[in-house]
Protein chains: 4
Amino acid sequence: MLVVMRSHASAEEVRAVCQRIESLGLKAHPIPGTIRTAIGITGNKGAVDLGVLESLPGVVECIPVSKPYKLVSRDAKEEDSVLRIPTPSGDVIVGGDKVALVAGPCAVESEEQVFAIAERVVRSGVRLFRGGAYKPRTSPYSFQGMGEPGLKILAKVRAKFGFGIITEAIDNESLDLVEEYADVIQIGARNMQNFSLLKRAGRAKKPVLLKRGMSATLDEFLMAAEDVLSEGNYNVMLCERGVRMVDPSHGTGKRHKVLPLSRAAIAVGADGLLVEVHHEPDKALSDGMQSILPEEFAELTREVREIAAVLHRQVN
Amino acid sequence: MLVVMRSHASAEEVRAVCQRIESLGLKAHPIPGTIRTAIGITGNKGAVDLGVLESLPGVVECIPVSKPYKLVSRDAKEEDSVLRIPTPSGDVIVGGDKVALVAGPCAVESEEQVFAIAERVVRSGVRLFRGGAYKPRTSPYSFQGMGEPGLKILAKVRAKFGFGIITEAIDNESLDLVEEYADVIQIGARNMQNFSLLKRAGRAKKPVLLKRGMSATLDEFLMAAEDVLSEGNYNVMLCERGVRMVDPSHGTGKRHKVLPLSRAAIAVGADGLLVEVHHEPDKALSDGMQSILPEEFAELTREVREIAAVLHRQVN
Amino acid sequence: MLVVMRSHASAEEVRAVCQRIESLGLKAHPIPGTIRTAIGITGNKGAVDLGVLESLPGVVECIPVSKPYKLVSRDAKEEDSVLRIPTPSGDVIVGGDKVALVAGPCAVESEEQVFAIAERVVRSGVRLFRGGAYKPRTSPYSFQGMGEPGLKILAKVRAKFGFGIITEAIDNESLDLVEEYADVIQIGARNMQNFSLLKRAGRAKKPVLLKRGMSATLDEFLMAAEDVLSEGNYNVMLCERGVRMVDPSHGTGKRHKVLPLSRAAIAVGADGLLVEVHHEPDKALSDGMQSILPEEFAELTREVREIAAVLHRQVN
Amino acid sequence: MLVVMRSHASAEEVRAVCQRIESLGLKAHPIPGTIRTAIGITGNKGAVDLGVLESLPGVVECIPVSKPYKLVSRDAKEEDSVLRIPTPSGDVIVGGDKVALVAGPCAVESEEQVFAIAERVVRSGVRLFRGGAYKPRTSPYSFQGMGEPGLKILAKVRAKFGFGIITEAIDNESLDLVEEYADVIQIGARNMQNFSLLKRAGRAKKPVLLKRGMSATLDEFLMAAEDVLSEGNYNVMLCERGVRMVDPSHGTGKRHKVLPLSRAAIAVGADGLLVEVHHEPDKALSDGMQSILPEEFAELTREVREIAAVLHRQVN
């Protein structure tokens, strides 16, 4: 934390701020400048809310220097993270020189629908399958997902094709079931600051895919991940979406933008892609507009592999 | 819904879109213009996701006309809503010619702290008291609230001063308890799209104060309220915050901005104000920076009463 | 400027950054913390772009402490500014305990229109009159303003009613004429970072009303004002608009929102209001949607006077 | 334009709106729905501001259907545009299966600096050279560019290496000179809505590179281009920047983000790249932080060529 004093602040005001800092058990480092004095603070372990210093006489503002997160910081772990997701057909690696592709429908609608899509995407070499059994829809009148029967369908497709399954949990109750049936627990963008749910995910034994809130800052996104890590679960994947790319399906909401944005995501250095595929998008119960066809997905995987190769990476 | 065709769309493409609309059980109304044709759609009850029309040949875009909400719409209830909140000291009215003031600390920290603040704000005539027992903090290392013991303290202050109590629920478990102890259930900004929590609040027997998500559009805000109403609870108050005013405390995060924004909120026509008051803000366990002192709150109520009077309204 | 080092930065890296700072003629103040070292910099007069320090080994980020503006800063002038605008009927004061009202049509359309509106608003006691002769319209096919003949109409209305005239300049050529005919030179939101125009306004002998760009940060807004002041013109009024209030007409684009937002602007502490009034808004050549009727303006002035009085201020 | 009526609107109110539409010389198409009536309007050539309909009794809102631009629309020209920029070493093509690379320093600082950089980037096959002689800096205390002497240096480098030159004009005076010396006239992001400058560029005989304003919507961006085209200059290139990618240098302001974003821009389908290169970025008079080194630029061109090839395109 750095406390910036007014240019007209008196020596006494500077002294009073320093004393207040020391009284909080911290150390004050005054830096007198030509125009104004700034006061550096060290020794803060995040336990004290220093914002109150801003109301002391002579103070212009308090500038935070340390980040509020610890475990997700490069200070705690300097190198890039590489995740290993166990699946029935062996581990899938996310990060390092490996890129992971996840494909499947937005929502689980029926066993027929899920198997029809699974049969098609498996041909492109995909090993992680997605599909929502719980849908956090903005309208209470929209399809809300099949619930546990949907999870059972995903379990069948998992057994049949050897996929790892990624599916969303929307509250503590559904997270219990998702943890039981799936290989990766997804936390959606609208729940990115549902701290009760994040803490429950932190106590889960499965990796977590955390989507960025539509307008979340990077710090807020990392703090949400910190919530999961602080409970003991260190296997967290961060997934961009919203106005920013990398969840190309939800990021644009337009089918014809999925392919170019998928290429761009890999070109910019993403470790993976989460793509909605549906064999009959016009009949999809949710997000049909942004689902691509299996043959478009095959083209996507071809181009993405070539671009990954330019960066010396392989899709797995 | 209005479907806009390309200027170069053929008559056949227009016909195909109309047929598709009719095949969905709806009615198509082609409007041929000088440059392009648009096609109006009627008969849609929200059951069909018309976005898929956007991928038909010759279509430029689909413009939604109907709003996705029903119960919160002026179509369902044309006049302004007036809420009645039962409290031990009689009903408090929100809306119409009545303005409601809610005051109290950000967080319940101890019985001493809550009573010290209650004794002070009651002198300004406040009849609704706030204080958080569950705090959805962005950092897992910050004070998370006292939980049920905090609710018990609020119950005591309610019995002693005759206040109605407003306090936040952060998941289904805490909502059960808040419904039992408090008079109004608060849903915080970060949970504005926690649909599981909204539906639970919709089954509660107490009024709901719903805060607007930091970047929520008006339609998203209204849809969140719709979620509550759709389960049967029609007593919902909408509370602005974030980059927009009317929760002056959280809206700015700066103590000296609370008074001018409170005046502005009433001047612009708000039905109430939710203000954080603390007798020792420097020692507050959360949000001390934006809490005002009891004597500042007394000045606030004076000015707010005068401005309400310009609009022919009374504070109650 | 504060340079934040990585937690793993070596002593040598810290030393190298300090040496680099000193080599730029500045002073380095290392502040060793428990996790990382930060380095304060003093002696910078804005001549050196310190961003390059960010690419030195071991550096995480550079946090600016000093603001980039000088003349508009409270460091240069601590007290609130009070402007005095000479008009044919005596000075109008903006600031301190005085609030100024500016009214008139969006665009000057004809002598008849301008006089019809002037006759009506003068009855509400307005002494500053607005009306655009140069219109920076987003469409090249919209009415672009009357140009100099429009300025001549404003000069007539000035002579007849004793108004001070505020009107917009859109390039160096039009600014020459506006400076000649008007009492206040307006720079519109879209030209807020037209630095060539700002510098020309800085050499003008008349006060400048500078509108905030639609998404300009406060620092960008102040830097635009700094551009005017740096050329010698210290009489600058800052005018909010866009997503923020205080130019209630352009701020909302909706006629029925002008009154409540005008009340809120005065309640929050604004020094003045700029309101579009038109006696026949349906026939207005531009911005008819947001112009209010003269009788609505009379009601606005009444309410605004009463709210100003709550703050112990008078409208002049 | 579509006029949406309240659900409670009377038949008389609908009739009155239709009559008003017809009185404006347009045609009204009422579409009665189950909940409300909407009224389509045809025959509008952009001459009438239909917003005034919004204030008629019974109207909820007016939804624009036609876009405000004409010449830049796919209605006027359905196929993708391909630009041809004449240079001393032959034409450079932008669009179709050709991608164009533009490189050079942010600002022209001296003949030595410009030649040092030119010698290096020409080795990567670059044929379009950039460098600012007029710098629209946010601070009046920053380097403002060399002016015409800077343009003369660019003319020399043009003659020596056969480059086409792209450089920015900031007002009508500088545009006269830029048109004389350069091959492409750049309009910067902060001038995107400087309509006076746009119109002057529209009367120029050289192609225009128009940068998107930092928060401009796509429609505003296209309207700015329309301003140029409406004066007769159809050779306009649109350049993304700001929070969006494709001007990788100014888009991020961070040197190490230039390479990944350049790859992403080509992967997503951009027709060209504008990159700041400096052989001594630490000494650059402006934007040193975001300039890359010549050897980094060489790597960038290699990767960009490979990614373009995945899309069956060639860099020229």
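Both backbone and side-chain heavy atoms feed into the values below; hydrogens, waters and symmetry mates do not. Below, chain A is the first sequence line, B the second, and so on; all start at residue 1.
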statement: Residues passing the side-chain hydrogen bond (donor to acceptor under 3.5 Å, both in side chains) test with D:Arg74, sequence neighbours excluded, are D:Asp80
- prompt: So which heavy atom on D:Ser230 is nearest to which on C:Tyr141, and how close?
  reply: CB-OH, 3.9 Å
task: Give, as side chain, backbone, both or neither, the part of D:Asn172 having an atom under 4.5 angstrom from any heavy atom of chain C.
output: side chain
query: In terms of heavy-atom proximity below 4.5 Å to chain C, should D:Arg200 be classed as side chain, backbone, both, or neither?
result: neither
query: Between D:Ser174, D:Pro68, D:Pro136, which shows the greatest number of heavy-atom pairs under 4.5 Å with chain C?
result: D:Pro136
field: Contact listing (chain C partner; residues 187-195 of chain D; heavy atom under 4.5 Å)
entry: D:Arg190, D:Asn191, D:Gln193, D:Asn194, D:Phe195
- request: Would you mind telling me which of C:Arg20, C:Glu231, C:Glu220 has the largest number of heavy-atom pairs within less than 4.5 Å of chain D?
  value: C:Arg20
message: As an exercise, state the distance from CG of D:Asp171 to CD of C:Glu173, rounded to the nearest 0.5 Å.
response: 8.5 Å
query: Taking every heavy-atom pair that is under 4.5 Å apart, which of C:Ser139, C:Pro140, C:Ser55 has the most such pairs with chain D?
result: C:Pro140
